[in-house]
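Labels below follow one simple rule: chain letters A, B, ... track the order of the sequence lines, proteins then strands, and each chain is numbered from 1.
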There are 2 protein chains.
Amino acid sequence: MNETIILETAFRLFTTQGIQPFTMDEIAARLAISKKTLYRFFTSRADLVQQVCRLVAANFNQALEEADQADADNLQRVLSHMTVNMDFCKKTSVAFFTDLQKHYPVEYTHLVHTLNNFIYPRVLKVLEEGIVEGVFRGSLHPQLVVTILQQHIQKDFEFAAELVNDYSKDEVFRQALYLFLYGVIAPEAIPRLENELKKYSFATRLAQPKEIQQIETDQHK
Amino acid sequence: MNETIILETAFRLFTTQGIQPFTMDEIAARLAISKKTLYRFFTSRADLVQQVCRLVAANFNQALEEADQADADNLQRVLSHMTVNMDFCKKTSVAFFTDLQKHYPVEYTHLVHTLNNFIYPRVLKVLEEGIVEGVFRGSLHPQLVVTILQQHIQKDFEFAAELVNDYSKDEVFRQALYLFLYGVIAPEAIPRLENELKKYSFATRLAQPKEIQQIETDQHK
DNA sequence: GATAAAATCGACCAATTATGTCGAATAGTC
DNA sequence: GACTATTCGACATAATTGGTCGATTTTATC
């Protein structure tokens, strides 16, 4: 048994289903190891949680850096940044954050701070450059917009968690994304935006039943 | 404060986020009442859980009865039954069932039994009639198919919960639904099925971004 | 507005549950 | 077979949570 396997298992369980449902006994049982072994690699539960948080942050940053690698203009960059963020929100259960906030408040604050510091400076920079370039509306106050965006995403995240009922998480984030993009884009750049969005439509379209498209085609015959 | 409000709050919290995350203190706090008041309406936590389960069952049955009201043939009935079931799966968090199974095993068994008894006899009857009518394949063993269906849905439910990551719950259940429908339908009734499915497409289409449709239309200009 | 009854509060206790420890057992190496 | 490294799971201790109860507030009635 090694540290990586334990950490990755904990990461998967915690981020998808929350921290509290998994006791140290439970985790050890799932890995088919004893608690003693578990405590050999992680000095305490708090230690395990902290390392999972680091992994969360590292993954998020890595996704952003990969997005940055691509040769892209400012419109494309803001889109890819937002997509990374959206995917992160979809992948991560709110339970993870609520459990973290309640039981490891310091760690929670730190993680949120870290995540924000990864994405918002990037978005800010791209917004500022894009405004100069004319792709985003000149009336935008970039710093303020980024702060507001930060608030909105947090709310959407909580909202999506409670409303899995009627709308899919997917749809909530997609709508919020569009709201933001059309909110910042300069009117004359709208066609460009829609063209860029089309490139992303493949990913979002996975959620659309092929059967129905088929049926419609049949109808048109 | 009255019993209904408490019960409905607990119902909403439990079914969407699981039972264990909500202590009696937490529930009381959310309702802005004291524990004493809470215990005036529900003699124990087990009592509250039990009543929530009854409400779950009642809602499920009501949805099925409403579906039965409509004047429909056997194909339409099987579709509406399956849709009710699918919606129920989408609305209800797995955490609710896993918590129930672990901490209130008797209640769990009873609820599952009750839910199954609501839906599967209905599906069985419609399948049997539909086979005679020729809308479903004559080679089907209805009783066996229903039992298998029951197993499959349970698995899909667990699966959907773990994979919220990459696919939306929506899509998992939709694919499973199509798999079942095309699995039982008689080849000659496929056009009818596809026609019926089209009526449901509105509901499933909510998940499709209007913007993208718009963009596509623009492209075609 | 005085009095009684009903409802509410939240501190408290007891029981459950979880974390973290430790001696014993097992596996591997020379 | 002796020595080391690793694993096991029972157990003690700490933390959490279900459930109780007297004190207090609110409501109803005269």
Side-chain angles (χ1 to χ4, degrees), chain A residues 1-54 93 95-108, chain B residues 1-55 93 95-108 111:
Chain A
M1 181 54 51
N2 69 71
E3 194 176 328
T4 312
I5 293 177
I6 299 177
L7 186 58
E8 280 175 0
T9 303
F11 172 86
R12 186 171 45 80
L13 295 177
F14 287 177
T15 55
T16 58
Q17 296 174 252
I19 301 168
Q20 286 306 307
F22 302 100
T23 66
M24 296 303 267
D25 284 277
E26 172 80 22
I27 294 165
R30 291 213 180 211
L31 290 159
I33 60 174
S34 79
K35 273 211 289 188
K36 180 91 177 191
T37 311
L38 185 53
Y39 275 91
R40 223 167 56 78
F41 294 103
F42 299 90
T43 61
S44 68
R45 169 165 248 254
D47 178 33
L48 177 60
V49 169
Q50 188 182 45
Q51 305 242 27
V52 167
C53 287
R54 280 186 198 166
S93 156
F96 173 70
F97 283 102
T98 52
D99 285 350
L100 199 63
Q101 183 170 31
K102 187 169 176 188
H103 299 275
Y104 307 88
V106 181
E107 203 59 49
Y108 169 78
Chain B
M1 183 51 56
N2 68 70
E3 194 177 327
T4 311
I5 294 176
I6 301 178
L7 187 57
E8 280 175 359
T9 304
F11 172 87
R12 185 172 45 81
L13 296 175
F14 287 178
T15 55
T16 59
Q17 297 174 253
I19 301 169
Q20 287 305 93
F22 302 100
T23 66
M24 296 304 266
D25 284 276
E26 172 79 23
I27 294 166
R30 291 214 179 212
L31 289 159
I33 61 174
S34 77
K35 272 211 289 189
K36 179 91 177 191
T37 310
L38 186 53
Y39 275 90
R40 223 169 54 77
F41 295 104
F42 299 91
T43 60
S44 69
R45 169 164 248 254
D47 179 32
L48 177 61
V49 170
Q50 188 181 46
Q51 305 241 25
V52 167
C53 287
R54 279 187 198 167
L55 191 54
S93 155
F96 172 70
F97 282 103
T98 51
D99 285 351
L100 199 64
Q101 184 170 30
K102 185 169 176 187
H103 299 275
Y104 307 87
V106 181
E107 205 58 49
Y108 169 78
L111 178 62

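Atom CE of M24(A) is separated from atom NZ of K35(A) by 8.0 Å, given to the nearest 0.5 angstrom.
Interface remark: the K36(B) side chain does not form any donor-acceptor pair with the dG19(D) base, using a distance-only criterion of under 3.5 Å.
Across all strands, A32(B) comes closer than 4.0 Å only to sugar-phosphate atoms, never to a base (heavy-atom distances).
For D99(B) (side chain) and Q20(B) (main-chain N/O), a donor-acceptor pair under 3.5 Å exists by modelled atom type.
Atom-to-atom, OH of Y39(B) to C1' of dG10(C) comes out at 14 Å; the value is rounded to the nearest Å. Across the protein-nucleic acid pair, H103(A) atom NE2 and dT16(D) atom P stand 8 Å apart, rounded to whole Å. In this structure, CG of L48(B) is placed 10 Å from P of dG18(D), rounded to the nearest angstrom. Across the protein-nucleic acid pair, N2(A) atom CG and dT7(D) atom C1' stand 15 Å apart, rounded to whole Å. In this structure, CD1 of I33(A) is placed 14 Å from P of dT6(D), rounded to the nearest angstrom. The separation between R40(A) atom CZ and dG20(C) atom C1' is 16 Å, rounded to whole Å. Atom CG of D99(A) and atom P of dA18(C) are 14 Å apart (whole Å). Between the P atom of dA7(C) and the CG atom of L31(B) lies a distance of 17 Å, rounded to the nearest Å.
Nearer to the 5' terminus of DNA chain C, by closest-nucleotide assignment, is the contact made by S34(B) (compared with the other of S34(B) and S44(A)). Where A46(B) and D25(A) meet DNA chain D, the nucleotide closest to each residue was compared, and D25(A) sits on the side nearer the 5' end. Two residues, K35(B) and K102(B), neighbour DNA chain C, and the one matched to the more 5' nucleotide by heavy-atom proximity is K35(B).
Shown here for F96(B) and C53(B), the closest heavy-atom pair between the two residues is CZ-SG, 4.2 Å.
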Item to check | Check against side-chain contact (heavy atoms from CB on, under 4.5 Å), Q51(A) and E3(A) | outcome: CA-CA 11 Å; Q51(A) 305 242 27; E3(A) 194 176 328; 4.1 Å; yes

Next on the checklist: Test side-chain contact (heavy atoms from CB on, under 4.5 Å) on L7(B) and F41(B); report intermediate values, then the result.
Outcome noted: CA-CA 9 Å; L7(B) 187 57; F41(B) 295 104; over 6 Å; no

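Put simply, T37(A) has a side-chain N or O that comes within less than 4.0 Å of OP1 or OP2 on dC8(D).
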